[in-house]
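Scope of the values below: all heavy atoms of this structure, side chains included, with no hydrogens, waters or symmetry mates. So you know, we letter chains A, B, ... as the sequences are listed, proteins then strands, and number each from 1.
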Amino acid sequence: MSDHLDCQQLLSSISDFVDGELNPELCRQIEQHLTECENCRIVINTLRKTIDLYQHQPGDEGLPQEIRHRLFHRLHLEEFLNRDPG
Amino acid sequence: MNNESIPETSLSLEALKKGDRHELARMVDLYSDKIYRLALKFTNNPQDAEDVLQETFLKAMRALPEFEGRSSLSTWLYRIAVNESLMLLRKQKPDVSLDPPAEEEDSDEGTSSNDLILADWCCLPEDELLSEESRRFLNQAIQQLPATLRGVFVLRDLEGLSIKETAELLGLTETNVKTRLLRARLFLRQQLSLYFAERLKEWEQK
C-alpha cells in the first residue's frame, strides 16, 4: 500500500479507526493524513462527536409502573406485582 | 455479554425451566427495563415498545423449558427482543426489506467523500448540543436509518455491545456488522451536520 492515503480510503476505515480497531500501520497513515487534511479532520471530529452524543443520552429512568403492571397481567404473574422488584 | 449493558444474576435456571412462577417474576423484573428501552430505541414508539416487551416475555416463558443454555439467559432474551422488534418494523413497512441485496453491502453508496458536509460543529456549547430540540432531532435521525443499519447502530453504539456480540444477535458476520456500522455512523454524522450547521450559523451571529 502506498504511504499516502486519499480521503476516500480514510473514509472507508474511519469507523474502525475511531473504535481503535485498526492495525498500527494504517493508524499511522491516517494520523499522517489528518495532519495534512483539514476536511478529514472535521469529518473524524464530527463523527466522534456524533457517536458521543448518542452514547450519552439520558436514559435509565426505570420501567414506568403502569407498563410493569400491564406486563405482569399479560404474563399472568399479577400475584407477584407487589413483591420487591430486583 | 457486557456486564454493564445486561445484568447477569443469580437466577435459578432450573427453577425457570420448571416454570417456577416466583422465579419467572424475578426474571421479568430483572430484564424488563433493559428490554423495554432496547425496544424503544428500535421503534421510537412507546406502544410498539410495550408490545415488543410483552411478546418477548410471552415467547421466553413458552420456550424456557427447551432453553439449553448455549448462550446466557440475558443474551437469549435480548435475541428474542431484537427479533420481535425487527418483525414489528417489517410488519409496519412490509415494502421495506430488512435484508438488502448482497451487492449493496459492498457499495460505496453513502460512504463517498464527495457529498460530505464539512461544518465543524464540535465547538458548539453543550447546551446547544444537548438541548431538548437536539435530542428530538437525534431520535428522529435514527428512525430514518434503514432497519438493517438501525439494528447494528442500536446494539453497538447505543447498547455498547461488541462487534462480535452484535453479529451474534443479528445473525450477521462481523464484517457485515462493521460495514453496516460504518454506513450508519456516516449517515447520522451527515444528518447531525445538516442540523448543527444551522445551529452554528445562529450561534455565530449572536
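Chain A forms more heavy-atom pairs under 4.5 Å with one residue of B:Q191, B:H22, B:R189 than with any other, namely B:R189. The most heavy-atom pairs under 4.5 Å with chain A, out of B:L192, B:L40, B:L138, come from B:L138. Here A:D16 is the residue among A:D16, A:L10, A:D52 with the most heavy-atom pairs under 4.5 Å with chain B.
Contact between A:L63 and B:D33 at its shortest, heavy atoms only, is N-OD1, 3.6 Å. Closest approach of B:R21 and A:H76 over heavy atoms only: NH2-O, 2.8 Å.
No part of A:E38 comes within reach of chain B, as not one of its non-hydrogen atoms sits under 4.5 angstrom from that chain. Residue contact with chain A, scored on non-hydrogen atoms closer than 4.5 Å, involves the backbone and the side chain of B:L188 alike. Neither the backbone nor the side chain of B:A49 comes within contact range of chain A; no heavy atom of the residue lies under 4.5 Å from a heavy atom of that chain. Looking at B:I142, both its backbone and its side chain come within 4.5 Å of chain A, counting heavy atoms on both sides. Both the backbone and the side chain of B:Q54 come within contact range of chain A, judged by heavy atoms closer than 4.5 Å. Residue B:E126 touches chain A through its side chain alone, counting heavy-atom pairs closer than 4.5 Å. Interface remark: B:L129 contributes backbone and side-chain atoms alike to the contact with chain A (heavy atom separation under 4.5 Å). Both the backbone and the side chain of A:I67 come within contact range of chain B, with heavy atoms under 4.5 Å apart. Contact annotation for A:R70: both backbone and side-chain heavy atoms come within less than 4.5 Å of a heavy atom of chain B.
The CH2 atom of B:W121 lies 3.5 Å from the OG1 atom of A:T50; values are rounded to the nearest 0.5 Å. Separating the OG atom in B:S162 from the CG atom in A:D19 is a distance of 11.0 Å, to the nearest 0.5 Å.
The existence of a salt bridge linking A:R68 and B:D29 is confirmed by a sub-4.0 Å separation between a basic side-chain nitrogen and an acidic carboxylate oxygen.
Of all residues spanning residues 55-65 of chain B, those with a heavy atom less than 4.5 Å away from chain A's heavy atoms are B:E55, B:F57, B:L58, B:M61, arranged by number.
Atom CD of A:E66 has more than 12 heavy atoms from other residues, nucleotides or ligands within 6.0 Å.
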(request) Quick one: do A:T46 and B:L118 satisfy side chain to side chain contact (heavy atoms under 4.5 Å, CB included)? Show the steps, please. (result) CA-CA 9 Å; A:T46 49; B:L118 294 168; over 6 Å; no
